[in-house]
Visitor: 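I have a structure I would like to understand better, so I am pasting it below and will then ask my questions one at a time.
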Amino acid sequence: MTMREINVFAELMLHDRLLKAIDQLGFTQPTPVQQAALPEALAGHDLIVGAETGSGKTLAFVVPMLQHFLDQPAPNTGTRGLILTPTRELAEQVCQAVKDMAAFTRIGVMTVCGGTGFKEQAAEIRKNPEILVATPGRLAEHLERQTLDFDDLEFLVLDEADRMLDMGFRDEVMAIINVCRPDRQSMVFSATLNHRGVRALLPEVLKEPKELMLNTHQTGQENIRQQIILADDDKHKERLVEWLLAHETFEKAIIFTNTRDKAQWLAKSLQRQNRRSGVLHGEMSQDERKHVMGLMRAGTINILVATDVAARGLDIQGLDLVINFDMARKGDEHLHRVGRTGRQEREGLAICLIDHNEWNLMAGIERYLRLEFERRTLKGVEGSYKGPRKVKASGKAAGSKKKKVDKKLAGKSGSKVRERDRKQVGKRRDGADGRGKATATPSLGDGSLPLMKRKPKPAAE
Ligand code: AMP
């Protein structure tokens with residue numbers, strides 16, 4: 001049977017109990033990533049899959065894992081399946097997907113994440129649920145304290161591996177992989193397959209893997225309209241957001257900021273405007289985050305202001321508007337953000353608000369994604385920034401001040417300017433303090449933000 005011929009779940013020869021669960025969820029056709037991955041995974045192959053959240057990738061690893069456990073029952077063993085995710089929210093979401101799919105089985109699952117009492121968690125683990133969905137930090141802690149082992153592990157999944165590595169979990173992930181039973185089946189999911197860290201990790205995790213590339217930026221997101229609106233500064237952006245929320249038709253919206261402080265500031269502003277809104281960032285407690293997500297899922301609120309870390313991988317039904325209050329610092333991050341909308345063939349709209357500091361970053365991301373954002377102006381709320389006077393072939397502003405500023409920093413111009421410039425080095429462009437996970441220093445990778453340089457004169461702006 002070839003990949004193309006599979007168009008209904010029944011043809012995959014799945015266990016009746018799984019088909020019943022799929023039926024109960026109302027799914028009739030596998031999504032493209034499921035069509036590609038399920039036959040290979042069910043045949044026992046290791047896989048590396050390039051797929052975004054929203055593509056249906058969770059079922060692509062949950063179904064083969066459950067089928068394997070149903071085919072080969074092994075009562076009273078330890079952990080048989082482990083799914084590693086970068087964030088607690090994603091772990092909760094994946095855990096729920098496992099519960100839904102295992103609804104007609106006796107297979108048990110639990111999350112192992114930080115933010116919950118360690119001892120209580122260890123006691124739960126001792127009850128031997130077959131499947132653990134875990135974030136690397138807390139799981140590594142359990143291994144260190146020997147409150148669990150993976151001697152019986154048969155199935156390992158790294159979900160959003162690129163993100164996990166970007167968040168600095170490489171050592172924990174390696175420590176975990178090293179104690180997993182070698183004769184297991186493994187699958188790695190990543191939004192991009194050309195991530196250097198992920199590539200380097202693959203030989204450690206997978207054996208003769210099949211590589212499947214789906215819904216990456218080359219193939220996906222056709223159903224998302226992507227626009228930019230030029231902005232003068234944060235106050236101006238605040239007015240643009242107000243306008244957009246008042247004039248766009250949307251069911252649910254998410255607004256991304258690059259820092260926790262700005263997320264809080266903007267959320268307060270929206271609350272003053274009596275918008276049904278909430279905020280989600282990495283410094284909130286697990287209970288607070290759960291509460292806000294619950295409100296959003298239930299539709300009690302319909303606008304969420306979020307930082308990247310907190311909103312990673314979240315699947316929110318009905319999300320059709322993404323506003324990037326701050327431009328994402330990297331192309332992949334941008335992809336993850338806009339991937340929140342336009343899911344499962346729904347139309348989505350993603351709007352980036354771009355001030356003069358963000359132009360080059362935006363142009364770099366356009367090049368990386370090989371697309372051109374639609375330029376949009378909002379009548380009545382336009383600012384004075386109209387973009388760079390001249391752009392280079394790369395789309396970036398012509399007349400980069402890089403050299404000039406470097407000279408200044410090297411002490412070749414007036415001392416007053418030099419001193420101020422020195423103070424700017426390493427500072428965030430929004431003046432936030434950079435504390436906390438959600439406010440990581442801008443990195444200088446692909447499409448990333450260079451250090452803020454002072455502009456000698458306002459130029460075209
Ligand atoms: P994921 O990319 O795994 O986060 O899935 C995104 C959304 O698609 C989730 O809400 C799933 O419940 C849903 N989904 C997964 N598989 C299917 C399918 N075959 N048909 C319709 N929806 C699906």
Side-chain angles (χ1 to χ4, degrees), residues 3-4 6-12 14 18-39 41-42 47 49-67 81 83-103 109 111 131 133 157-164 187-192 212-217 219-221 223-224 251-252 254 293-294 296-299 311-320 322 332 335-348:
M3 221 171 75
R4 294 269 154 245
I6 294 159
N7 56 10
V8 285
F9 284 104
E11 287 177 51
L12 288 165
L14 297 179
L18 299 182
L19 286 176
K20 207 169 156 189
I22 290 172
D23 196 42
Q24 181 156 296
L25 289 166
F27 302 160
T28 49
Q29 295 279 331
T31 64
V33 65
Q34 292 162 4
Q35 283 189 40
L38 285 174
L42 289 165
L47 297 183
V49 185
E52 295 279 341
T53 308
S55 58
K57 68 181 168 63
T58 315
L59 248 64
F61 56 78
V62 170
V63 167
M65 187 184 286
L66 293 175
Q67 174 91 2
I83 302 163
L84 281 181
T85 71
T87 63
R88 295 175 196 174
E89 277 78 11
L90 187 56
E92 297 279 353
Q93 200 169 287
V94 169
C95 184
Q96 190 53 51
V98 176
K99 281 181 185 162
D100 289 345
M101 277 307 302
V109 58
T111 54
I131 301 172
V133 187
V157 178
L158 306 190
D159 193 13
E160 303 207 351
D162 52 342
R163 181 61 178 167
M164 212 134 54
M187 296 170 76
V188 175
F189 285 76
S190 177
T192 42
L212 307 172
M213 179 136 109
L214 287 120
N215 204 26
T216 60
H217 58 270
T219 58
Q221 309 201 334
N223 54 343
I224 303 173
E251 193 179 327
K252 288 179 190 170
I254 188 162
M293 281 310 299
M296 189 70 178
R297 288 211 166 97
R312 181 72 189 185
L314 288 183
D315 178 39
I316 302 165
Q317 299 290 327
L319 197 72
D320 43 10
V322 172
D332 291 346
L335 273 184
H336 283 297
R337 289 180 177 190
V338 304
R340 308 300 94 233
T341 185
R343 291 167 163 224
Q344 301 298 328
E345 313 305 323
R346 283 175 68 106
E347 287 284 310

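Excluded from the calculations below are hydrogen atoms, water molecules and symmetry mates; all remaining heavy atoms, backbone and side chain alike, are included. Order of listing sets the numbers, starting from 1, for every ligand and every atom in it.
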Visitor: For Thr28 and ligand 1, does the shortest N/O to N/O distance drop below 3.5 Å?
Guide: no
Visitor: Is the shortest N/O to N/O distance between Leu59 and ligand 1 below 3.5 Å?
Guide: no
Visitor: Identify the two heavy atoms, one from Ile83 and one from Met65, that lie closest to each other, and give their separation to 0.1 Å.
Guide: CG1-CE, 3.7 Å
Visitor: Looking only at non-hydrogen atoms, which of Ala60, Pro30, Gly56 approaches atom 5 (O) of ligand 1 most closely?
Guide: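 The nearest heavy atom belongs to Gly56.
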Visitor: Phe9 heavy atoms, cut-off 4.0 Å: which ligand 1 atoms fall inside?
Guide: 19 (N)
Visitor: Is it the side chain, the backbone, both or neither of Phe189 that has a heavy atom closer than 4.0 Å to ligand 1?
Guide: neither
Visitor: Nearest heavy-atom pair of Ile316 and Lys252: which atoms, and what distance?
Guide: CG2-CD, 4.0 Å
Visitor: Please list, in number order, the atoms of ligand 1 under 4.0 Å from a heavy atom of Gln317.
Guide: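 Going through ligand 1 atom by atom, the ones under 4.0 Å from Gln317 are 10 (O).
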Visitor: Would you mind running through ligand 1 and noting each atom that sits below 4.0 Å from a heavy atom of Thr58?
Guide: 1 (P), 3 (O), 4 (O)
Visitor: NZ/Lys57 to CG/Asp159 distance, rounded to the nearest 0.5 angstrom?
Guide: 3.5 Å
Visitor: Heavy atom under 4.0 Å from ligand 1: found in Gln29's side chain, backbone, both, or neither?
Guide: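 For Gln29, only backbone atoms sit under 4.0 Å from ligand 1.
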Visitor: Find the distance between CD (Gln24) and CE (Met101) and round it off to the nearest 0.5 Å.
Guide: 10.5 Å
Visitor: Please identify which atoms of ligand 1 are closer than 4.0 Å to at least one heavy atom of Lys57.
Guide: 1 (P), 2 (O), 3 (O)
Visitor: Test your reading of the model: is there a side-chain donor-acceptor pair from Gln34 to the backbone of Leu59, 3.5 Å cut-off?
Guide: no
Visitor: Looking at the rings of Phe9 and Phe27, which for Trp means the six-membered one, are their centres under 6.0 Å apart?
Guide: no
Visitor: Taking the side chain from Gln96 and the backbone from Gln93, do they hold a donor-acceptor pair closer than 3.5 Å?
Guide: no
